[in-house]
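Some notes on the structure that comes next.
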Amino acid sequence: MEKIVLPDIKDIHHINVYEQNGGYTSAKKAFGQKPDEIIDQVKKSGLRGRGGAAFSAGLKWSFMPKTTDKPKYLCINGDESEPGSFKDRQIFEFNPHQLIEGIIITAYAIGAKVAYIYIRGEYHKWIKLLQKALDDAYAHGYVGEMMKEKFGTDFSCEIYIHKGAGAYICGEESALMNSIEGKRGYPRVKPPFPAQNGLWGCPTTINNVETITNVPAIINKGWEWFSKIGEPKHPGTLLYGISGHVNKPGVYELPTGMLLTDLIYKYAGGVPGDKKILCIIPGGSSMPPLRGDQIEGVKMDAESLKAVGTSIGTAGIMVMDEDTDLVKVLARIAKFYYHESCGQCTPCREGTGWMLKILNRLVAGEGSTHDLDLLVSVASNIEGNTICALGEAAAWPVRYMVTRFRDYFEQRVKKEVTLPVANKVHSMRHTAFPLAEIKE
Amino acid sequence: MEFKFTEENSKKIEDILKRYPTKKAAVMPVLYVAQEQNGWISGEVMKEVASLLGMPSDEVLGVVTFYTMYHQKPMGKYHLQVCTNVSCMLRGAYKIYDYIKDKLNIANGGVTEDAVFSLEEVECMGSCGTAPMIAVNEDFFENLDVEKADQIIESFKNRN
Ligand SMILES: Cc1cc2nc3c(=O)[nH]c(=O)nc-3n(C[C@H](O)[C@H](O)[C@H](O)COP(=O)(O)O)c2cc1C
Ligand code: SF4
Ligand code: FES
């Protein structure tokens, strides 16, 4: 299988090696065409976002206004803070020039003169690696003023790295823009959408790192070629990140629509000790978990996962074996979202706190079956009632873990609920008597 | 204590300002420069950053407190960040975290008396495929167990 995003070419991160392998010729080809033609090809290729929502990249670009007197911006989302996701860092390290080439093509297509690459602050090493590649690209005239001469085009753009500082919420696109503007990373109410009102109120497009790294190949080899790889409705390859209880965790680039079981057993080497799988989360910790007995025949692409009640997310697959303490895992997930909620919306701020409190009670062995219903109810009250999708991200794992593993969770709360006296009275059907007269 | 940027850092800041259409947008990178120079973000640092970027001190404070990577107190020379999120947890991260806590006898966010180490339990660091991990200042150490984590800490102790 040909790899698109992380090709098996030694030292491809060096600009010279990248050039020797056809690097920056896709950009040259793109600048010979009209921006609309580029957008059209990307639309037809079927490329969908790799940052979580799997939205059509070409369609998103087409939302950018054609006539405006405001500057336009491109933001590349490399915040990569979703637990279970560790793919974008491979691109920064092993194929940074293809990302840079993708950025200049995208910037040209949407008419942006400035692009910001937002990278989580903890990725110090990868920021340095990408900065080195960017400096080289500038020095060779592929970015900045010099690109006019290099490519023989009127177009030029600048690319800057913006370093995050430890806040998961800044991966949400509107929080990301606030963060670049020098504000706290609070998500914005939508609409207006970024294409109308983004960075500094100007038209803005936000795409994930992996999404954009696919673009040069689409321009180079054509949208038809790309559209035939993997699943037709979600074509291309994915950087599947497999972690947890597998023998060979890591990032595997393979076509979309791989069988989950193949990924786990054939590529990631199966489960240590040949244990059974209790639970998997297919797309990063925000996505609904599946039971081990639900994954047979399930394919990894947006549509197939939707059909089994979960979501592709970032294709970060977390595998948990039969000895895993799911209550502890869920409590840890709840702790994460409680910590990362920005606090703007009451259902998210309060709800994440309640869910954590209840789950900690379960971990301590003090939970009741009533708590399980309460968890589901709190989760359901967050969903759809918040400014941004962190609400769903926090609610889904809780709601689906508790409902899909109901037996498991009930085992852990076996203790009977101690009912108040009045209830006992009721259950004994002594209601014919005045309650005060009943003696225990 | 009054805080002023070094000449070298002032030049760095000039470059940073060129990347954004507003001065305010430079606050995060400028805070990083300040933290590198000063070790942490003190009130004096915030005052200086605010006046430099022409924004109210409160707003700078708002940014500093929103993001976890700006330290509001001096940290240890080696700041240990242990990820305990799911992928790491499944591969023994809490054993490592608890071990370090006991070994250094500090709580989450604490600094050892000699100020050599500080400890922080952190969220997913993007090392899930090479879990468990700890980061020491800016460097990641991956595929760990308690023994290897211990060796890492010892080696930093000896370096000191
Ligand atoms: C809480 C939250 C965190 C997110 N984190 C990321 C992230 O780290 N990286 C990313 O690319 N998208 C992230 N997203 C999705 C972005 O908002 C946005 O949809 C995406 O960057 C668009 O790029 P794409 O269309 O190329 O996928 C996050 C969304 C939410 C709600
Ligand atoms: S849903 Fe949560 S994270 Fe998103 S804006 Fe509301 S409070 Fe903030
Ligand atoms: S869970 Fe620890 S690095 Fe991702």
Side-chain angles (χ1 to χ4, degrees), chain A residues 71 80-89 114 116 120-126 128 158 160-170 179-186 199-200 202 241-245 249-251 281 284-285 316 318-321 324 328-329 332-333 335-336 339-340 342, chain B residues 15-16 18-33 35-36 41 49 53 55 59-71 81 83-91 93-94 120-133 135 137-140 142-143:
Chain A
E80 185 148 89
S81 305
E82 169 88 354
S85 308
F86 47 103
K87 63 188 184 64
D88 296 338
R89 80 178 236 198
V114 177
Y116 294 100
R120 62 177 302 175
E122 295 87 347
Y123 275 2
H124 307 276
K125 172 181 159 187
W126 292 276
K128 282 183 194 139
E158 307 290 335
Y160 304 116
I161 296 174
H162 187 93
K163 184 177 179 176
Y168 166 70
I169 192 59
C170 289
S179 182
I180 293 178
E181 289 182 16
K183 301 173 185 158
R184 279 175 284 194
Y186 284 146
L199 264 183
W200 298 289
C202 302
I242 312 176
S243 66
H245 293 141
V251 170
I281 304 181
S285 71
M318 300 159 120
V319 180
M320 296 164 228
D321 73 19
T324 308
K328 276 193 186 153
V329 168
R332 184 64 185 83
I333 292 176
K335 182 179 169 196
F336 172 73
H339 181 240
E340 301 298 337
C342 83
Chain B
D15 276 341
I16 290 170
K18 287 182 199 147
R19 300 181 210 155
Y20 304 97
T22 67
K23 271 188 170 180
K24 179 178 170 168
V27 65
M28 287 178 68
V30 168
L31 281 170
Y32 269 124
V33 175
Q35 181 156 288
E36 210 176 282
I41 306 292
V49 171
L53 301 178
M55 55 197 280
E59 259 183 61
V60 178
L61 177 69
V63 170
V64 170
T65 51
F66 188 85
Y67 299 95
T68 58
M69 287 177 67
Y70 299 121
H71 301 309
Q81 302 140 73
C83 170
T84 59
N85 211 302
V86 176
S87 302
C88 285
M89 172 187 186
L90 293 173
R91 296 180 84 93
Y94 273 105
E120 189 182 355
E121 179 183 5
V122 293
E123 297 298 355
C124 176
M125 296 282 271
S127 293
C128 330
T130 37
M133 69 87 69
N137 298 344
E138 300 194 349
D139 294 318
F140 284 26
E142 303 176 316
N143 288 314

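Every chain is numbered from 1, with letters handed out A, B, ... down the list of sequences.
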Of the listed A:G316, A:S81, A:S179, the one with the largest count of heavy-atom pairs under 4.5 Å with chain B is A:S179
Bottom line for A:E340: the part with an atom under 4.5 Å from chain B's heavy atoms is side chain
Looking just at side-chain N and O atoms, do B:R91 and A:S243 make a donor-acceptor pair shorter than 3.5 Å? no
When the 4.5 angstrom heavy-atom criterion is applied to A:R89 and chain B, the contacting part is side chain
Check each atom of B:Q35 against the heavy atoms of chain A and say whether the ones under 4.5 Å are side chain, backbone, both or neither. neither
Measuring heavy-atom distances to chain B, does A:E181 have an atom under 4.5 Å in its side chain, in its backbone, in both, or in neither? backbone
Picking from B:R19, B:K23, B:M89, B:M125, which has the most non-hydrogen pairs under 4.5 angstrom with chain A? B:R19
Test B:V64 against every option in B:V27, B:I41, B:V49 by the side-chain contact (heavy atoms from CB on, under 4.5 Å) rule and name the one that passes. B:I41
Between chain B and each of A:E80, A:H245, A:K328, count heavy-atom pairs under 4.5 Å; write down the option with the most. A:H245
Using non-hydrogen atoms only, which part of A:Y160 is less than 4.5 Å away from chain B: side chain, backbone, both, or neither? side chain
Is the backbone of B:M28 close enough, under 3.5 Å, to the side chain of B:Y70 for a donor and an acceptor to pair up by distance? yes
Output the distance between atom OG (B:S87) and atom CE (A:M320), rounded to the nearest 0.5 Å. 8.0 Å
A:I169 versus chain B, heavy atoms under 4.5 Å apart: side chain, backbone, both or neither? side chain
Please classify the contact of B:S127 with chain A as side chain, backbone, both or neither, using a heavy-atom distance under 4.5 Å. both
4.5 Å side-chain heavy-atom contact, B:L31 and B:Y67: no
Heavy-atom pairs under 4.5 Å with chain B - which of A:G241, A:G164, A:G250 has more of them than the others? A:G164
Between A:Y168 and A:H339: side-chain donor-acceptor atoms closer than 3.5 Å: no
Comparing B:E142, B:E59, B:Q81 against chain A, the one with the most heavy-atom pairs below 4.5 Å turns out to be B:E142
Okay, side chain of B:T68, backbone of A:G166: is any donor-acceptor separation there less than 3.5 Å? yes
So for A:K87, is it side chain, backbone, both, or neither that comes closer than 4.5 Å to the heavy atoms of chain B? neither
Would a 4.5 Å heavy-atom cut-off, applied to side chains only, mark A:R332 and B:E123 as touching? yes
With a 4.5 angstrom heavy-atom cut-off, could you sort out which part of A:V251 is near chain B: side chain, backbone, both or neither? neither
Identify the heavy atoms of A:I180 and A:Y116 that sit nearest to each other, and give their distance. CD1-CB, 3.8 Å
Leading residue by heavy atom contact count with chain A [cutoff under 4.5 Å; candidates B:C128, B:A26, B:G62, B:C124]: B:C128
When rounded to the nearest 0.5 angstrom, what distance separates CD in A:E122 from SG in B:C83? 10.0 Å
With a 4.5 angstrom heavy-atom cut-off, which part of A:S285 approaches chain B: side chain, backbone, both or neither? neither
